[in-house]
Amino acid sequence: MPEFNLLYTGLLIAGVIAFTQGFVAYLILAERKVAAWVQDRLGPNRVGPFGLLQPIADGGKLFLKEEVIPSHVDKIFFVLAPIVAFSTALLALAVVPVGTTVAPPGPQETLAAFNETQAEYASHFSMVIVPGLDIGILYSFAIGSLAVYGVILAGWSANNKYSLLGSLRSSAQIISYEIPLGMSVVGVLLFAGSMNLETIIAWQAKHGWNLFYQPLAFLLFMTSVYAECNRLPFDLPEAEQELVGGYHTEYSSSMKLGLMLMAEYIHMITTSFLMSILFWGGWSLFGVEDLVTDPIGSAVLKTAILGGKMTAFVGLYLLVRWTIPRFRFDQLMTLAWKVMMPLALLHLVAALIVRQFNLPLVSLTGMSLALFVGAGFIAARSGGPNNLPRRPAKHAVRETVGV
Amino acid sequence: MPIAEQDVKWVQEPKLGLFGQLYLPLVMDGLTTTISHMFQKKVTEQYPEQEPKLPANYRGVHRLNRDHDGHVKCVACYMCATACPAHCIDIVAAPAPVGWTDREKYPETFVIDELRCIYCGMCEEACPVDAIELTTLYDLTGLSREQMIFDKEKLLSVFDMTTKAGTDPVRTQAGKLGPASEAPPQK
């Protein structure tokens with residue numbers, strides 16, 4: 001690991017945290033606005049022009065409200081849960097590039113060459129809090145999985161059956177979806193030859209986006225990520241219609257609830273960054289990123305491209321919420337275990353074959369699409385899932401009525 | 001009554017073909033609907049700035065109509081108070097003052113508790129002389145329960161206000177009393 005400038009890193013940490021908080025605040029406004037527009041309403045428009053000051057009003061309200069701790073809760077874990085949820089959500093951002101990056105150098109023949117490349121790498125500015133961390137994506141997944149502890153602690157400590165049900169659903173769901181999530185990424189890692197997100201971007205800038213070679217992997221990754229973020233159509237842990245508020249039922253609308261909600265939105269930001277970086281080429285955009293040669297201008301442009309991709313994915317999150325209805329829990333599990341996991345495994349095998357025999361990358365695109373259509377074909381032949389609710393046949397009804 | 005089994009119609013879910021089992025085309029279909037709604041005309045009414053247009057048969061605050069002499073039209077027959085399911089109308093009848101030649105009685109006091117009222121409009125239907133009507137005034141507020149008990153003067157002022165504003169023109173035969181009222185017996 002090269003040495004890094006403490007000042008830059010400190011500034012970047014402050015910048016990333018400030019950006020996330022501001023983005024989350026306006027994301028909540030955007031969510032309400034999009035929800036309203038989709039339902040032919042106007043949305044919040046009373047505070048400031050077009051309601052743009054609404055997040056400030058909301059945040060102020062959360063800060064000023066009384067922190068109620070119900071008497072029947074486990075106080076330590078009740079207070080700990082939002083902290084765990086929020087801090088893990090922020091920690092996961094540490095390895096995610098938020099802008100322009102330079103790939104860390106690979107191994108060198110001699111120590112001198114190694115030191116030289118390392119010094120050259122350190123002289124470039126990468127917009128990652130921890131640049132050159134080789135476990136990159138693994139760290140992000142590990143911390144992302146820790147986030148479920150916030151949910152489980154909240155549900156368990158609340159001493160309330162609805163909260164507990166919500167957190168149980170959450171743990172089952174996250175365990176199930178971690179597997180296709182991880183397996184869909186392995187294909188990307190195989191080709192980039194590294195788990196470092198900066199290297200993955202650099203590989204894509206050179207060879208083309210992973211989306212074009214592994215469209216199915218992207219689809220699996222996106223679906224799993226929706227489930228990981230507890231977003232609709234997989235928001236069973238907090239399904240309002242069934243579980244009051246789910247795992248955060250007992251949190252009054254104070255800052256503890258605010259932290260819980262912010263953690264979810266930060267997860268959305270992190271995963272949107274990950275989708276853009278792993279499959280949509282990070283800061284690369286068909287050569288547009290090379291148009292500006294000035295180092296600072298180029299950095300700004302690359303950051304803007306990556307930010308634009310991230311915002312687009314966040315927008316998709318908001319739209320999908322109002323498009324696809326919530327899954328039933330057995331449907332959710334069926335999708336993960338019977339559809340996504342075999343597909344992810346087969347896709348991984350396809351990627352392994354292409355990598356092992358050095359086949360052209362386009363052949364992986366073909367295999368990916370063939371797997372997708374093949375899965376659809378099998379499903380259509382088998383007549384769909386056999387877990388539909390049983391309906392009495394007509395003659396059976398007649399018998400019971402006695403007609 | 002429970003629904004009889006033969007009245008229940010079982011709808012079989014349509015089977016999805018290859019196109020449907022691929023999910024993505026249908027998801028795209030849904031997204032198009034969602035996005036098209038985003039840019040559609042909004043139905044929200046910007047309330048304080050934009051007053052709602054209420055139909056003439058909206059049942060808001062009551063008013064007591066005046067006849068062409070400016071007297072209260074009410075003949076204190078108690079029909080409205082009898083019809084009222086919420087028992088919110090309280091009338092004290094008295095012999096009509098000298099000079100009111102077309103009736104025998106008039107309401108000395110006529111009090112409606114607007115908080116008890118359920119705005120069903122039965123009083124309006126019961127009134128034989130079209131003296132009581134419900135207006136389209138919907139934004140009724142008060143600082144205390146006492147303020148929401150409307151007496152005769154207040155109800156007449158609602159009539160003056162709504163007819164002057166033109167929101168509720170007199171809907172019924174103005175000035176003419178119905179057959180329920182009779183001239184005072186000649187002595």
Side-chain angles (χ1 to χ4, degrees), chain A residues 30 33-46 215-216 218-219 222-223 226 232-233 315-316 318-325 335 339-340 343 369 371-385 387-394 396-403, chain B residues 1-60 119 136-143 167:
Chain A
K33 276 283 189 188
V34 168
W37 290 335
V38 168
Q39 296 163 4
D40 296 341
R41 295 185 285 117
L42 287 171
N45 62 352
R46 292 285 138 181
L216 181 60
F218 170 66
L219 192 66
M222 190 162 86
T223 316
Y226 274 62
L232 269 161
L316 190 65
L318 304 186
L319 278 177
V320 165
R321 171 168 186 175
W322 300 106
T323 303
I324 309 177
L335 182 69
V339 181
M340 287 173 59
L343 269 184
L369 292 176
L371 274 177
F372 180 61
V373 178
F377 193 69
I378 292 172
R381 277 304 294 268
S382 70
N387 54 3
L388 293 173
R390 296 259 178 272
R391 270 98 195 255
K394 272 216 171 118
V397 174
R398 283 205 198 92
E399 274 162 25
T400 48
V401 181
V403 179
Chain B
M1 199 185 93
I3 302 167
E5 284 285 347
Q6 64 260 40
D7 292 338
V8 180
K9 192 181 167 196
W10 289 103
V11 180
Q12 204 62 44
E13 240 178 84
K15 266 197 171 181
L16 295 176
L18 176 62
F19 197 68
Q21 288 290 357
L22 285 181
Y23 281 89
L24 277 193
L26 295 186
V27 170
M28 286 298 153
D29 216 21
L31 275 176
T32 352
T33 310
T34 315
I35 292 171
S36 72
H37 269 278
M38 274 186 81
F39 301 105
Q40 262 174 27
K41 197 173 173 294
K42 308 300 173 214
V43 294
T44 310
E45 233 165 43
Q46 295 281 52
Y47 166 61
E49 294 92 24
Q50 190 190 346
E51 293 277 327
K53 283 201 182 79
L54 295 169
N57 60 356
Y58 183 84
R59 301 198 297 260
Y119 301 93
T136 56
L137 270 188
Y138 56 91
D139 45 357
L140 180 66
T141 53
L143 296 173
T167 50

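Quantities reported herein were computed from a predicted structural model and do not represent experimental measurements. Numbers restart at 1 for each chain; the letters A, B, ... are given by sequence-line order, proteins then strands.
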Q | Top contributor to chain B interface from L42(A), D40(A), V320(A) [non-hydrogen pairs under 4.5 Å] | A | D40(A)

Q: Just give me the residue among V38(A), V34(A), N45(A) that pairs up with chain B most often, heavy atom to heavy atom, under 4.5 Å.
A: V38(A)

Going from [atom1] on [X] to [atom2] on [Y], what distance comes out if it is rounded to the nearest 0.5 angstrom?
X: L137(B); Y: R59(B); atom1: CG; atom2: CZ; value: 15.5 Å
X: L26(B); Y: I324(A); atom1: CG; atom2: CD1; value: 10.0 Å
X: L335(A); Y: Y23(B); atom1: CG; atom2: OH; value: 6.5 Å

Q: Check each atom of R321(A) against the heavy atoms of chain B and say whether the ones under 4.5 Å are side chain, backbone, both or neither.
A: neither

Q.
So for L319(A), is it side chain, backbone, both, or neither that comes closer than 4.5 Å to the heavy atoms of chain B?
A. both

Q) Would you say K42(B)'s side chain and Q40(B)'s backbone share a donor-acceptor pair under 3.5 angstrom? A) yes

